[in-house]
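The structure appears right after this line, and notes come after that.
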Protein chains: 2
Amino acid sequence: MNIGDVASQTGLPAKTIRYYEDIGLVRPKRDGNGYRAFNSAELHKLAFLARSRSLGFTIEDCRALLALYEDRGRASADVKLVAHEHLARIDRKLAELEAMRSTLSYLVEKCHGDDRPDCPILDDLAQPDAVPS
Amino acid sequence: MNIGDVASQTGLPAKTIRYYEDIGLVRPKRDGNGYRAFNSAELHKLAFLARSRSLGFTIEDCRALLALYEDRGRASADVKLVAHEHLARIDRKLAELEAMRSTLSYLVEKCHGDDRPDCPILDDLAQPDAVPS
DNA sequence: GCTTGACCTTCCAGCAGATGGAAGGTCCAT
DNA sequence: ATGGACCTTCCATCTGCTGGAAGGTCAAGC
């Protein structure tokens with residue numbers, strides 16, 4: 001299986017697959033012509049990576065998850081810990097974005113958005129200590 | 001005013017302020033000894049940048065907002081457009097994170113998190129097409 | 001057998017937005 | 001004059017790819 005086939009089957013760009021090899025996430029063999037030759041185990045790993053990345057896990061998380069996946073003697077607690085920490089990161093990010101969203105939507109609503117220079121958005125940005133009503 | 005004073009007044013690390021000079025967001029004069037000499041206008045700009053960045057605007061957004069801020073003849077519509085587009089970006093990001101959060105919290109809940117290898121999280125990652133109940 | 005086009009390879013550069021650290025100059029108080 | 005807290009520049013690093021150049025390979029069609 002060449003890289004193009006793996007790309008279309010996993011949805012990962014070929015560039016990304018090469019990058020994953022670079023950083024040691026997969027180690028495909030090579031054909032005589034130098035082409036990467038993926039077997040079904042590698043394909044499976046890459047699908048696993050694609051799914052993990054799509055859930056927002058970092059590359060290092062993915063590396064850890066993949067190692068756990070391949071370790072028949074793993075404790076599910078170890079997997080849960082990784083996922084739980086990631087969930088906490090997501091919650092922090094969500095809170096941050098929601099705070100931004102709240103301020104921004106208030107300001108956007110308050111701005112006339114016409115051809116006059118008067119602008120509550122700029123007023124807020126210029127006065128970091130202003131507290132919206 | 002030296003960079004350290006500006007850093008403590010704006011909350012921006014000195015490194016970041018130098019970086020902002022590098023990319024042309026501020027242009028402080030220099031003292032005879034080569035030290036950056038910030039006046040109150042530069043201080044104000046940096047506070048504006050700090051606030052804009054804290055609301056998640058990109059550096060290029062900040063550049064545009066700063067230019068609008070300094071343009072007495074601006075139309076508030078132009079400011080509103082930048083903010084509105086940013087709000088839309090935030091909403092897309094929120095939706096993405098909420099989707100991740102939903103899947104992850106479901107999986108974390110389902111995982112026993114004990115010393116046994118059986119793990120619904122890994123099961124999901126390994127089967128990208130699985131649909132949580 | 002030759003061309004064409006779709007593959008594949010490596011390598012290097014760049015994105016955002018800083019941040020860390022090394023090596024060295026300056027300023028001020030003691 | 002010495003120490004420590006400043007300041008300077010420059011270069012490397014982080015995350016996770018992505019783009020592009022320059023070139024090798026393969027299979028189909030003529």
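In this structure, A/Glu21 atom CD and C/dT9 atom C1' are separated by 11 Å, rounded to whole Å. When the C1' atom of C/dG20 is taken as reference, atom CG of B/Asp22 falls 15 Å away, rounded to whole Å. In this structure, B/Ile17 places its CD1 atom 11 Å from P of C/dT19, rounding to the nearest Å. The distance between atom CZ of B/Arg18 and atom C1' of C/dG20, rounded to the nearest whole Å, is 12 Å. Put simply, CG on B/Asn2 is 14 Å from P on C/dT26, counting in whole angstrom units. Computed from coordinates, the B/Asp61 CG to C/dA16 P distance equals 12 Å when rounded to whole Å. In this structure, B/Asp5 atom CG and D/dA5 atom C1' are separated by 13 Å, rounded to whole Å.
In this structure, B/Cys119 and A/Val79 approach most closely via the heavy-atom pair SG-CG1, 3.5 Å. Between B/Ala126 and A/Tyr69 the shortest heavy-atom distance is CB-OH, 3.3 Å. The two residues B/Pro13 and B/Ala7 come nearest to each other via the heavy atoms C-CB, 4.4 Å. Of all the heavy atoms in A/Val108 and B/Lys80, the pair that sits closest is O-CE, 3.3 Å.
Contact annotation for A/Ile23: no contact, since no heavy-atom pair falls under 4.0 Å across all strands.
Atom CZ of B/Arg30 is surrounded by more than 12 heavy atoms from other residues, nucleotides or ligands within 6.0 Å.
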Could you list all N or O pairs between the protein and nucleotides 1-3 of chain D that sit under 3.5 Å apart?
none

Can you pull every protein N or O that's under 3.5 Å from an N or O on nucleotides 16-19 of chain D?
residue, atom, partner, partner atom, Å
D/dG16, OP2, A/Ile59, N, 3.3
D/dG16, O3', A/Arg53, NH2, 3.3
D/dC17, OP2, A/Tyr20, OH, 2.7
D/dC17, OP2, A/Arg53, NE, 2.6
D/dC17, OP2, A/Arg53, NH2, 3.3
D/dT18, OP2, A/Thr16, OG1, 2.9
D/dG19, N7, A/Lys15, NZ, 3.0
D/dG19, O6, A/Lys15, NZ, 2.9

What pairs of nitrogen or oxygen atoms, one from the protein and one from nucleotides 12-14 of chain D, lie under 3.5 Å apart?
none

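Ion pairing of B/Arg36 with B/Glu42 is absent here, as no side-chain N (NZ or NE/NH1/NH2) approaches a carboxylate O to less than 4.0 Å. Ionic pairing of B/Arg116 and B/Asp118 is not present here: no N-O contact between side-chain nitrogen and carboxylate oxygen is shorter than 4.0 angstrom. Taking the charged nitrogens against the carboxylate oxygens, B/Glu98 and B/Arg101 have no contact shorter than 4.0 Å, which rules out a salt bridge. Using a 4.0 Å cut-off between a side-chain N of Lys or Arg and a carboxylate O of Asp or Glu, A/Arg89 and A/Asp61 qualify as a salt bridge. Electrostatic pairing of B/Glu21 and B/Arg18 does not count as a salt bridge here, judged by no charged N lying under 4.0 Å from a carboxylate O.
In this structure, A/Leu12 and A/Val6 have side chains that are not in contact, with every pair of non-hydrogen atoms separated by 4.5 Å or more. B/Leu125 has its side chain within reach of A/Leu55: a pair of non-hydrogen atoms, C-beta onward, lies under 4.5 Å apart.
Under the 4.5 Å side-chain contact rule for hydrophobic residues, B/Met100 and A/Leu81 do not share a cluster.
Contacts between residues 83-96 of chain B and DNA chain C, defined by a heavy-atom separation under 4.0 Å, are absent. For the contact set between residues 27-35 of chain B and DNA chain C, defined by any heavy atom under 4.0 Å, the members are B/Asn33, B/Tyr35.
A/Arg36 has a side-chain polar atom (N or O) that falls below the 4.0 Å cut-off from OP1 or OP2 of C/dT9.
For A/Asp71 (side chain) and A/Gly73 (main-chain N/O), a donor-acceptor pair under 3.5 Å exists by modelled atom type. For A/Ser76 (side chain) and B/Asp114 (main-chain N/O), a donor-acceptor pair under 3.5 Å exists by modelled atom type.
Separating the CG atom in A/Leu66 from the OH atom in A/Tyr20 is a distance of 11.0 Å, to the nearest 0.5 Å. The distance from atom NZ of A/Lys110 to atom NE2 of A/His112, rounded to the nearest 0.5 Å, is 9.5 Å. Between the CZ atom in A/Phe38 and the CG atom in A/Asn2 there is a gap of 8.5 Å [rounded to 0.5 Å].
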**Message:** Let's go through B/Arg53 and B/Glu60 carefully: what are the C-alpha distance in whole Å and the side-chain angles of both, what is the deciding distance for salt bridge (Lys or Arg N to Asp or Glu O under 4.0 Å) to 0.1 Å, and is it a yes or a no?
**Reply:** CA-CA 10 Å; B/Arg53 290 289 298 133; B/Glu60 288 317 304; over 6 Å; no
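Within the helix from C/dG1-D/dC30 to C/dT30-D/dA1, the inter-axis angle between the opening and closing five-pair segments is 30°, rounded to 10°.
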